[in-house]
Amino acid sequence: SVMAHSRLASQHADQATAPIAAWRRHQIPHTRTRRPAERTRVPRSRLASDPVGAAVSGPASSPAPAQRVGDRYRLDDLVRVVNGARVWRGTDEVLNRAVMVWALPADQPVAAEVHAAVLGAARLSDPRIARIFDADCAIEHPYVISEWPGGEYLDDLVQAGLPDPWVAATMIMVASGAVASAHDAGRPHLCLTPHSMLWGRSGLKITGLGIEAALSGTAAADPAAADTRALAGLLYALLTGYWPGAASSALPRAPSRRGRVYSASRARAGVPAILDAITCRALLPDTAARITTPAELAWELRGAGHRQQ
């Protein structure tokens with residue numbers, strides 16, 4: 001059953017991280033997390049007494065480095081901008097730990113949608129999904145605080161060098177198991193891209209669950225199929241170096257003809273036939289024996305790995 005597939009995918013997640021760690025050590029020893037080209041510092045002496053936002057010039061929706069939100073979370077480095085929200089690497093100055101700060105746009109309807117989404121996501125306990133620590137979406141400067149996983153974004157990893165195809169399959173098997181567990185709890189992602197996944201010392205972390213879909217207003221008639229296509233797109237990116245999804249990415253667009261993306265084996269030589277077939281079945285809408293749930297994708301990739309050994 002789908003639930004059984006999901007549980008089995010979770011059980012094999014720990015074993016799956018070993019080949020990934022080996023690839024990261026030997027294939028890409030010098031990758032680094034992106035940092036902004038320019039940084040603006042605000043004197044800390046002003047921040048100690050000023051209310052949130054008072055030490056920062058400019059519009060309220062544009063927080064700056066060194067500003068605090070929630071009286072305890074310091075903004076350090078801007079990572080990216082997602083549908084009007086600024087995502088920062090920050091520091092929880094009470095617990096002295098790195099956190100991911102989502103500085104939301106000052107749009108109360110949007111903030112309310114995000115708040116409802118994170119309430120559900122915060123209940124998830126899967127260690128492969130970045131945890132939600134705190135949120136306040138009813139103030140002038142709404143924010144969400146989540147776990148900072150560390151490690152490298154998937155597009156950074158791919159740009160540094162493609163992994164062995166079977167390492168790629170293992171990575172997406174683990175990711176699919178994580179997304180399957182979220183679906184079991186009724187929490188699809190719907191906005192998976194190469195910048196939604198990080199790989200670090202603790203293995204996989206998926207970020208933005210609930211938050212990104214709420215920010216963009218994304219919905220799907222079949223959430224399981226939508227997330228499965230996105231996961232297959234991530235596998236395609238790891239196998240080929242190209243991104244076949246509609247969302248923007250630092251990776252080059254996948255080659256296509258008449259609107260149809262080339263198969264992974266056609267885009268890049270050396271892709272094993274079984275992985276090419278699984279990718280096509282999950283990614284392309286007009287293939288036979290389609291894979292339509294994250295749990296099924298995790299199961300198929302696990303089975304392929306066993307047959308390859």
If every non-hydrogen atom of [X] is compared with every non-hydrogen atom of [Y], which pair is closest and at what distance?
X    : Y    : answer
E300 : I278 : O-CD1, 3.7 Å
T228 : P294 : OG1-N, 3.0 Å
A254 : Y236 : CB-CE2, 3.7 Å
A64  : L75  : O-CD1, 3.7 Å
S181 : D126 : OG-OD2, 2.7 Å
W166 : P272 : NE1-CG, 3.9 Å

Any chain of hydrophobic side-chain contacts (each under 4.5 Å) joining [X] to [Y]?
X    : Y    : value
F133 : I139 : yes
M100 : I211 : yes
L235 : L284 : no
L190 : L234 : no

Do the side chains of [Y] and [X] get nearer than 4.5 Å, heavy atoms only?
X    : Y    : result
R72  : L95  : yes
P244 : L283 : yes
Y242 : V261 : no
W148 : V79  : yes
M171 : L204 : no
C137 : L104 : yes
L239 : L162 : no
P163 : L238 : yes

Against E147, only a single residue in R97, K205, R89, R128 fulfils salt bridge (Lys or Arg N to Asp or Glu O under 4.0 Å); can you say which?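 Of the listed options, the one satisfying the test is K205.
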
Just by distance, with hydrogens left out, do T91 and R74 show a side-chain donor and acceptor under 3.5 Å apart?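 The criterion, which ignores hydrogens and geometry beyond distance, is satisfied for R74 and T91.
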
Whichever hydrophobic residues join L209 through chains of side-chain contacts under 4.5 Å: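 Besides L209, the cluster holds L124, I129.
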
Separation of [Y] [atom2] from [X] [atom1] (nearest 0.5 Å):
X    : Y    : atom1 : atom2 : value
T279 : I172 : OG1   : CD1   : 9.5 Å
T207 : E212 : OG1   : CD    : 6.0 Å
D136 : H115 : CG    : NE2   : 7.0 Å
R281 : I291 : CZ    : CD1   : 4.0 Å
L154 : W243 : CG    : CH2   : 8.5 Å

Can you tell me which residue pairs pass the salt bridge (charged side-chain N to carboxylate O under 4.0 Å, His left out) test with a partner in residues 218-243, sequence neighbours excluded?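 Residue pairs with at least one partner in residues 218-243: there are none.
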
According to side chain to side chain donor-acceptor pair (under 3.5 Å), does anything in residues 251-269 pair up with another residue at least two apart or in another chain? List the pairs.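 Counting only pairs at least two positions apart or across chains, the side chain to side chain donor-acceptor pair (under 3.5 Å) contacts touching residues 251-269 are R260-D286, S263-S265, S265-D276.
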
Please check this pair: side chain of S196 against backbone of C191, looking for a donor-acceptor N/O pair closer than 3.5 Å.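 At least one qualifying donor-acceptor pair exists.
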
Counting distance only, does the side-chain N/O of H189 pair as donor-acceptor with the main-chain N or O of H183 below 3.5 Å?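 Checked: no pair found.
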
Using the side-chain contact (heavy atoms from CB on, under 4.5 Å) criterion, which residues pair with A112? Sequence neighbours excluded.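 With sequence neighbours excluded, A112 shows a side-chain contact (heavy atoms from CB on, under 4.5 Å) to no residue whatsoever.
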
Among all residues two or more places apart in sequence or in another chain, which pass the side-chain contact (heavy atoms from CB on, under 4.5 Å) test with D134?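 D134: side-chain contact (heavy atoms from CB on, under 4.5 Å) contacts with Y73, Y143, I145.
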
Return the set of residues passing side-chain hydrogen bond (donor to acceptor under 3.5 Å, both in side chains) with E113 (not counting sequence neighbours), or none when no residue passes.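 E113 satisfies side-chain hydrogen bond (donor to acceptor under 3.5 Å, both in side chains) with no other residue.
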
